[in-house]
Peer 1: 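Sharing a structure here in structure tokens format.
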Amino acid sequence: MTETPAPFPTLADLRSAHLAFMDDRARDAAAIRRLLARGRATGAHLAEAADRREAQRILDYWSAELLGSRDLTPEDFNPAILDPFGAEVAGDRADATADIAGRAGAARELIRLSALARQWKSSGEAPGYLLQGDALLAAARFTDRDPDIAGFVTASNRHEMAMIAQQTRRRQAVIAILALLLIATTALAAVSWRQWQAAERAKTGLASANEVLSLEKAELQQTIERARADAQSSQVRIDALIAENARLAAALNEGARGAGVAAEDLPPDLKATVENALPEASAVISAAEATGGFSGYDPAFLGVDLPMPALGEALRPSAALGGAALDYPNASLVMNAARRQPFFAAETVDRKARRSLRRLPGAFSFDPRLPPEQQADPAWFLGPEIDRGHLIARNDITWGPVFEGDPKEAALRLNGIVDTYANASPQFGWFNRGIWSRLENWALAGHNPSADRVVIFTGPILTETDPAPYGAPVPSGFWKVVVSRRTGSSALIVDPFILMQTDALPATFVPEAHRTSLEEIERRTGLIFPAILFGIEAGGALPPDPTPGEALAARLGDLLTADRDLSGPVLDAVAGAFAPDGLAVEEQTILAAALTALADETLPTTANPAIRDNLLAALSLVPPDRWADPAWLTIRARARHAITPLLEPRGGPDISGAAQMASVEPPGAEAPGDEAPDGQVPASLLEALAIVPAPRQPILLFFSRTSREQSEGIAKALTLLGWRIERVQRVGSGPETARTLHADGVKDDQAAADALVADLAALGSAGRSEPNAAAPPGVLTIHLP
């Protein structure tokens, strides 16, 4: 029989035991359970409401502490509740039961708020964790229960009041502007007929000001709505994190089943937590579908009819959706319902239009258009060596209207689109982050580097003998077929590859070592590739040998590693290519275009200092006179854009000069190609790219429909690149595309305007430069839409 714990005789005895136990460094989970059991039984001796509240606060504190212990049991997830006072009479039993249930719910809420308050403190009191609205009101009743919660609620109140005060100040400013405009309008009405023409001009100016005011008011409302949405999103992420932690705790306690604890025997709260931890349908995917964001694979993307591979007869019974494609932006999947992963993915890649978006934290979800049981099982990826391999690569499809606008919002949309279990296939970590990643980089930059458009087909090799190190089968290998048009011709270039996960593969990727045939991929997968691809191979129209510049460009992927044995030879080859007796000018141009494209895609997102230093060292090997070549304006602009993120000031948004922000030595302190200290951009590179010294001409930037946030972001980026922005101002109307005006007939201004247009294009605001007779010499004016 289980021995009934002896209660504490009085509240004072419970309080003394609580204080003494806080100083006991040797306490463990078992000791906490004993204290909770005695404290719970003490409730039968406490009649006063104030005494019971204080006793319950002590139990709540140790319930939360118990959840931080290592050796948890399922019962530990139920909060400890004081026993009712005295013996219950028959008529009070229902009320007592309801009271216990209510207090249990309040205790669970108190524990949840304690966890949130500690997460907030451990994050350095980041405002993204703070409460607002109904959640803040609900939490206020617990401030006297826990000092951490009290501080958390107080900070949340201050943050919400600050936001309300800021909104109030903005409204007051708008009202003041409206009042001034009303006074001006009244004064204009009194002007005499002889001043009619002047009054008409004033009215025109007033209309333009009203238009600007309307745009500013609309933008203010959008800012408020975005802030609310961000706050709600933060709360959702916090709740998802708590649920995920609970799910992992349940997985770690799987061994409890050996002791006779079955899943159906878990406490209701723990069972509900485990069920709620399952991924939910992606709201991002649903929104993209509602706005027509699912363009899918385009067979005419290369200018010829190139359909997706077809399913062989043996594969059709296993196909999800009857074999129809599951469309995403610029890509499609054809799903294998039996193996719960794609037969293949088909992508269209626009190399010039593709954006480089940061990888933001987030969870995988199920694609709501497909039953979860036909998508990858999240449990497959609990093994320490198994990665969720993307069949649609996140870096391939980031072009087109779905990924326009604010980079952070576009990156979040990208997460929701590619981070789905429909798009996941199990890959060993050494494979996914090693040679497979190198192949993906080669497909983006090394295959036919002169082609702007590329089609990529990718899929797993599934067999009945696939390895299953953690119970679930892992594909034996993966294949990839890269297709593009030959420059100046309608002929196609086809590169098929197979990489087996069971092979002892090197970390580096060498195309010649892994190139295969379409027939071999068909034999291993049961797919049927379109006849146009076989005509290329059978007809002998094989890709020509790459030029020296193309061959070296194909090796640049080896710079994306910390392994000096791989990156060192490539850096040596780049140095030789740009030496006085190196490659021809046209081959240097091919190599520089590939290098700047790789740097622009990688430097803004990589957190690996070795990769960053490799790319900066390679860029520094290009001679300054090559960067200054007028024919290299677009190449230089992309290089300037690539290093802009590294020039961000760490102390805040104040901009005081590119050289200071980059922490560089004075020009001439190092030779081209020398490595700068960690965390710094070589001064010689900044000088060669004309970031220091700054261009002479000041810049006036005007915008109309473009948002103020985006306009100020462009101004900040240009400042980091060395331009001097003197004014950023909204006007009533603007051009359809960006225009840069310069003084007519002033060669220096025209050259600077052309360079500014190239930088704007690299920042995503393509336009043109124009001479203007009214433009003052020595000043450039940007007009954004």
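Keep in mind that the numbers below use all heavy atoms, side chains included, and drop hydrogens, waters and symmetry copies.
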Peer 1: Among Arg640, His641, Arg355, Arg354, which one satisfies side-chain hydrogen bond (donor to acceptor under 3.5 Å, both in side chains) with Asp600?
Peer 2: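 Among Arg640, His641, Arg355, Arg354, the one meeting side-chain hydrogen bond (donor to acceptor under 3.5 Å, both in side chains) with Asp600 is His641.
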
Peer 1: Is the Trp436 to Phe428 ring centre distance short of 6.0 Å?
Peer 2: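 Ring centres of Phe428 and Trp436 not closer than 6.0 Å.
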
Peer 1: Which atoms form the tightest heavy-atom contact between Leu130 and Trp120, and what is the distance?
Peer 2: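 In terms of heavy atoms, the two residues are closest at CD2-NE1, 3.3 Å.
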
Peer 1: Give me the atom names and distance for the closest heavy-atom approach of Pro407 to Leu357.
Peer 2: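 Residues Pro407 and Leu357, closest heavy atoms: O-CD2, 3.9 Å.
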
Peer 1: For residues Pro473 and Pro467, determine if any side-chain heavy atom of one lies less than 4.5 Å from a side-chain heavy atom of the other.
Peer 2: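 Pro473 does not reach Pro467 side chain to side chain.
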
Peer 1: Judged by modelled atom types alone, do Ser332 and Asp327 share a side-chain donor-acceptor pair under 3.5 Å?
Peer 2: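 A pair is found: one side chain offers a donor N or O, the other an acceptor, under 3.5 Å apart.
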
Peer 1: What pair of heavy atoms forms the shortest contact from Arg358 to Arg394, and how long is it?
Peer 2: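 That would be O-NH2, 3.7 Å.
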
Peer 1: Does the side chain of Lys716 reach to within under 4.5 Å of the side chain of Ile714, using non-hydrogen atoms?
Peer 2: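 With C-beta onward as the side chain, the pair stays apart.
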
Peer 1: Mind listing the closest non-hydrogen atom pair of Ser484 and Val454 along with its distance?
Peer 2: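 Taking Ser484 first and Val454 second, the nearest heavy atoms are CB-CG2, 4.3 Å.
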
Peer 1: Under 4.0 Å between a Lys/Arg side-chain N and an Asp/Glu carboxylate O for Arg369 and Asp367?
Peer 2: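 Answer for the salt bridge query: yes.
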
Peer 1: May I ask you to check whether Thr463 and Asp466 show a side-chain donor-acceptor distance below 3.5 Å?
Peer 2: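 Looking only at side-chain atoms, Asp466 and Thr463 do form a donor-acceptor pair, the distance falling under 3.5 Å.
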
Peer 1: With a 4.5 Å heavy-atom cut-off, do Leu718 and Leu763 have their side chains touching?
Peer 2: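 SC-SC contact between Leu718 and Leu763 confirmed.
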
Peer 1: Verify the distance criterion only: is there a donor paired with an acceptor across the side chains of Asp495 and His447 at less than 3.5 Å?
Peer 2: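 A donor-acceptor contact under 3.5 Å links the two side chains.
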
Peer 1: Look at the aromatic rings of Phe344 and Trp479 and report parallel, tilted or perpendicular, splitting at 30° and 60°.
Peer 2: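 Tilted, since the angle between the ring planes falls between 30° and 60°.
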
Peer 1: If you define the side chain from C-beta out and look only at heavy atoms, does anything of Glu347 sit under 4.5 Å from Tyr297?
Peer 2: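 With C-beta onward as the side chain, the pair stays apart.
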
Peer 1: As a quick check of understanding, evaluate ring pair (Phe, Tyr, Trp, His ring centres under 6.0 Å) for Phe509 and Phe497, giving each step before the final call.
Peer 2: CA-CA 11 Å; Phe509 171 74; Phe497 300 97; 5.4 Å; yes

Peer 1: Before giving the answer on side chain to side chain contact (heavy atoms under 4.5 Å, CB included), spell out for Glu385 and Tyr470 the whole-Å C-alpha distance, their side-chain angles and the decisive distance to 0.1 Å.
Peer 2: CA-CA 10 Å; Glu385 299 177 4; Tyr470 301 103; 3.7 Å; yes

Peer 1: Test salt bridge (Lys or Arg N to Asp or Glu O under 4.0 Å) on Glu520 and Arg524; report intermediate values, then the result.
Peer 2: CA-CA 6 Å; Glu520 179 64 14; Arg524 290 181 180 239; 2.8 Å; yes

